[in-house]
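Since the structure comes first, as structure tokens, the remarks are kept for the end.
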2 protein chains.
Amino acid sequence: MHPYEEIRTEILRRINSQAWPAGFALPHEEKLAEEFGVARGTIRRALSPLVDAGLIERRRRAGTRVVGRKAHSSTLTIPVVRHEIERGGHAYGYKLLRSSLGDDARDDQGLFAGAPLRHIVSLHLSDGRPYQLEDRLVNLEAIPEARDADFSTVSPNEWLIARVPYSSVRTILRAEMPGTNDSKYLKLQRDEPVFVIERQTRLDGNILTLVRMAHPAHGFQMITATDDFQ
Amino acid sequence: MHPYEEIRTEILRRINSQAWPAGFALPHEEKLAEEFGVARGTIRRALSPLVDAGLIERRRRAGTRVVGRKAHSSTLTIPVVRHEIERGGHAYGYKLLRSSLGDDARDDQGLFAGAPLRHIVSLHLSDGRPYQLEDRLVNLEAIPEARDADFSTVSPNEWLIARVPYSSVRTILRAEMPGTNDSKYLKLQRDEPVFVIERQTRLDGNILTLVRMAHPAHGFQMITATDDFQ
DNA sequence: AAGTGGTCTAGACCACTAG
DNA sequence: TAGTGGTCTAGACCACTTT
């Protein structure tokens with residue numbers, strides 16, 4: 001255990017034990033450096049994840065204070081669907097259901113500002129059972145290669161992630177009563193809802209793609225955990 | 001814009017433009033420091049969030065490589081229910097439905113290893129409409145004060161978060177057909193599903209509390225976004 | 001105006017692991 | 001065993017913001 005880890009743990013302990021309650025002003029960096037017998041940089045390193053996690057707040061001249069906890073933050077990871085299925089030891093299957101350009105690909109929410117679009121509907125299967133219905137709009141102005149891409153064997157999900165390695169993403173999670181397409185393709189049980197993941201992907205402010213991914217609720221869940229400090 | 005930010009942006013640009021494609025070995029720290037005319041520490045600072053985000057991988061002696069993107073990670077924040085409702089400009093309401101000790105508080109999943117428990121069922125309202133049904137087990141061995149706490153005016157959610165400022169959390173998200181209690185208290189429309197958040201809270205490996213929070217699907221969603229580097 | 005956190009440097013030594 | 005990343009130091013200067 002490195003000094004910065006020990007110091008972080010100790011400070012975490014003081015916060016959790018209420019020895020340093022919400023609102024408490026921590027000693028400033030030089031004092032802490034002196035107390036723990038390290039350089040100031042090591043103190044900064046110990047504190048920095050606590051700032052990111054929202055446990056403490058720092059302001060120049062004002063110092064560092066313990067923040068009353070208001071929320072739990074955790075990291076949600078959404079993998080490529082094929083990897084998710086294969087990691088669970090299941091056989092992955094994929095079927096392109098529909099692909100169209102132009103008027104069929106409508107920008108209902110006005111997000112794409114009139115850009116030409118491609119609309120792809122596809123189905124991901126796990127051991128032959130419907131796992132996810134993917135309904136996607138791709139901005140052909142931002143990704144012109146998508147016009148002629150062949151999505152009959154590679155899903156747009158994987159094709160895009162390979163092409164746009166990094167981008168900013170907004171994800172919305174919902175429970176929904178199934179729509180017509182959901183019922184048609186997902187082989188839902190009677191009254192079974194769908195778990196919907198909706199995602200906007202942007203690069204430099206331009207929206208690249210909008211996707212709705214619907215899962216049969218039965219047997220599907222998303223798991224997320226805090227990155228433990230301990 | 002500080003040097004470390006400019007360097008990070010430039011490296012991000014090289015990765016996204018495929019100038020540095022997946023598998024590419026980056027120059028080592030001293031070379032980069034030389035190229036950008038900064039100290040080695042500044043290069044480390046520029047790269048470190050890219051490591052956290054999983055864009056690059058670093059190994060001693062082996063160097064630094066660009067990783068093919070496999071998943072989208074984003075941060076999911078679950079606030080105290082009251083804050084969430086009030087931030088939306090709605091009136092918060094709370095009602096304790098049931099509170100019991102002993103046999104009524106059963107540890108169905110065997111998570112609490114026989115510890116004494118308190119079982120609390122409560123309802124959170126937004127503008128008088130049911131918003132969330134909270135069904136919670138609290139470990140009285142870990143938090144003995146919870147035995148006599150009064151949950152008729154303060155929800156266990158808030159009471160606990162004030163008492164245990166930091167802890168590790170595992171969250172599971174699901175869409176479900178409503179159970180008996182859900183239908184009874186959430187005033188669901190016909191065939192309306194519920195969005196369920198299930199959460200285990202731990203401290204130093206001991207499970208403190210297990211909670212199931214059910215929301216009427218209609219009008220409820222969770223939003224999460226990547227922390228943009230730009 | 002002064003005190004606090006934020007950035008950066010130049011250097012040292014250590015820990016791991018690929019070759 | 002040599003090369004790379006990981007940690008730490010002691011110091012400097014800067015930026016912000018409270019008093």
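Numbered from 1 within each chain, the chains take letters A, B, ... in sequence-line order.
Of the two residues contacting DNA chain D, namely A:R61 and B:R61, the nearest-nucleotide position lying further toward the 5' end is that of B:R61.
Spacing between atom CZ of B:R60 and atom P of D:dG5 amounts to 11 Å, rounded to whole angstrom units. Protein atom CZ of B:R40 is 13 Å distant from nucleotide atom P of C:dA12, rounded to whole Å. When the P atom of C:dC13 is taken as reference, atom NE2 of A:H2 falls 18 Å away, rounded to whole Å. Distance CZ (A:R58) to C1' (C:dT7): 13 Å, rounded to an integer number of Å. Between the CD atom of A:E57 and the C1' atom of D:dC16 there is a distance of 16 Å, rounded to whole Å. The nearest whole Å value for the distance from the CZ atom in A:R8 to the C1' atom in D:dC8 is 14 Å. When rounded to the nearest whole Å, the span between CG of A:L50 and P of C:dG5 equals 14 Å. In this structure, CD1 of A:I43 is placed 13 Å from C1' of D:dT9, rounded to the nearest angstrom.
Of all the residues in residues 27-34 of chain A, A:H28, A:E29 reach under 4.0 Å from DNA chain C with at least one non-hydrogen atom.
The pair B:R13-B:E10 meets the salt-bridge criterion, with a side-chain N (NZ, NE, NH1 or NH2) lying under 4.0 Å from an Asp/Glu carboxylate O.
When distances run from any side-chain atom of B:A39 to the nucleotides D:dC8, C:dA10, D:dG6, the shortest one goes to C:dA10.
Using a 4.0 Å heavy-atom cutoff across all strands shown, B:R45 reaches sugar-phosphate atoms only and no base atom.
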